[in-house]
Asker: 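Sharing a structure, written as structure tokens. Questions coming.
What you see is a predicted model; the values in this text were computed from it and never measured. Lettering follows sequence order; numbering is per chain, from 1.
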Amino acid sequence: SQELEQSPQSLIVQEGKNLTINCTSSKTLYGLYWYKQKYGEGLIFLMMLQKGGEEKSHEKITAKLDEKKQQSSLHITASQPSHAGIYLCGAFPKLTFGGGTRVLVKP
Amino acid sequence: NAGVTQTPKFRVLKTGQSMTLLCAQDMNHEYMYWYRQDPGMGLRLIHYSVGEGTTAKGEVPDGYNVSRLKKQNFLLGLESAAPSQTSVYFCASTPVGGGSYEQYFGPGTRLTVT
């Protein structure tokens, strides 16, 4: 079965600093979702990537899928307290998810 | 337009008790899913449905049953709850399958089995 590994599992970043989360697949990805989950709440869709080398941005968040379609990165520029939460990558169509990365932003 | 709603939000069960979690969506989506989320393990697919009257097993179906009698509702049942089923349960829906559509998630149900 396809497994997704996220790294790091958690990170603390000073407000205003950049951060990067990685998601690595054991198999070639057909496509990948990125979601954000606020503590104790549901999942909020961030982005979906399907093509090798594809990069998408929304506000201060950029996600990229590598050419081989086995690794994706999520980058947040100039982090803010509103970026705190758990970030999850998910593969489709198999609908498997990584273990999540817990982000804490220190003001 | 409420999106995806889940009932109840919290529940405590004793081992061996049964219960049903209700998921409802008002977006006329064909596909619906049930996941469980455990610490450090992300989301794992329990069961899913590709349309009214159809269901299929996901990654971790044991101990759960589902039904999709109406297009807008997807029920998750626990016949005899076990402590290992303590988790947060999320329901999601998509217009169709294939993965090229955003999954819309409900707010979750936190279940504790003692």
Side-chain angles (χ1 to χ4, degrees), chain A residues 1-11 21-51 54 56 58 61 63 65 69 72 74 85-103, chain B residues 2-10 21 23-25 27 29-50 55-61 74 87-112:
Chain A
S1 63
Q2 184 161 48
E3 292 187 358
L4 295 178
E5 290 283 337
Q6 283 186 239
S7 63
Q9 289 185 331
S10 64
L11 66 95
I21 300 167
N22 293 305
C23 176
T24 303
S25 173
S26 59
K27 298 181 180 180
T28 299
L29 292 160
Y30 176 80
L32 188 91
Y33 296 119
W34 280 102
Y35 281 88
K36 177 188 173 186
Q37 182 181 22
K38 290 189 177 181
Y39 299 112
E41 297 182 17
L43 280 72
I44 301 166
F45 175 78
L46 295 175
M47 276 167 253
M48 180 170 66
L49 304 166
Q50 273 190 279
K51 300 176 184 176
E54 186 176 11
K56 288 187 177 179
H58 176 67
I61 301 176
L65 184 61
K69 297 177 69 174
S72 178
L74 184 86
I86 301 171
Y87 290 81
L88 290 149
C89 62
F92 63 82
K94 276 290 188 180
L95 299 176
T96 55
F97 283 81
T101 296
R102 192 176 293 263
V103 173
Chain B
V4 180
T5 58
Q6 292 183 231
T7 309
K9 288 187 169 54
F10 302 94
L21 281 67
C23 175
Q25 53 94 3
M27 298 172 284
H29 285 175
E30 290 292 335
Y31 281 51
M32 296 185 74
Y33 314 83
W34 274 108
Y35 293 91
R36 60 178 288 172
Q37 184 179 36
D38 301 297
M41 298 188 71
L43 293 168
R44 291 183 292 169
L45 184 64
I46 304 171
H47 286 280
Y48 63 100
S49 168
V50 302
T55 62
K57 294 180 180 180
E59 183 186 351
V60 288
F74 194 27
S87 187
V88 181
Y89 292 85
F90 287 99
C91 176
S93 70
T94 55
V96 291
S100 299
Y101 294 89
E102 171 191 347
Q103 284 196 317
Y104 292 79
F105 281 85
T109 294
R110 189 173 294 273
L111 176 65
T112 302

Asker: So, B:Y33 and B:T94: side-chain donor and acceptor under 3.5 Å apart, yes or no?
Answerer: yes
Asker: Does A:Q6 reach the main-chain N or O of A:G100 with its side chain, forming a donor-acceptor pair under 3.5 Å?
Answerer: yes
Asker: Less than 6.0 angstrom separating the ring centers of A:F97 and B:Y35, yes or no?
Answerer: yes
Asker: For A:L88, which atoms come within 4.5 Å of any heavy atom of chain B: side chain, backbone, both, or neither?
Answerer: side chain
Asker: Using non-hydrogen atoms only, which part of A:Q37 is less than 4.5 Å away from chain B: side chain, backbone, both, or neither?
Answerer: side chain
Asker: Using 30° and 60° as the class boundaries, would you call the ring planes of B:F74 and B:W34 parallel, tilted or perpendicular?
Answerer: tilted
Asker: Is A:K27 reaching over with its side chain to a backbone N or O of A:E3, donor-acceptor style, under 3.5 angstrom?
Answerer: no
Asker: Side chain, backbone, both or neither: which part of B:Q37 has an atom under 4.5 Å from a heavy atom of chain A?
Answerer: side chain
Asker: Go through the atoms of B:R44 and report whether side chain, backbone, both or neither lie under 4.5 Å from a heavy atom of chain A.
Answerer: neither
Asker: Please look at A:Q9 and chain B and tell me whether the side chain, the backbone, both or neither of the residue comes under 4.5 angstrom of a heavy atom of that chain.
Answerer: neither
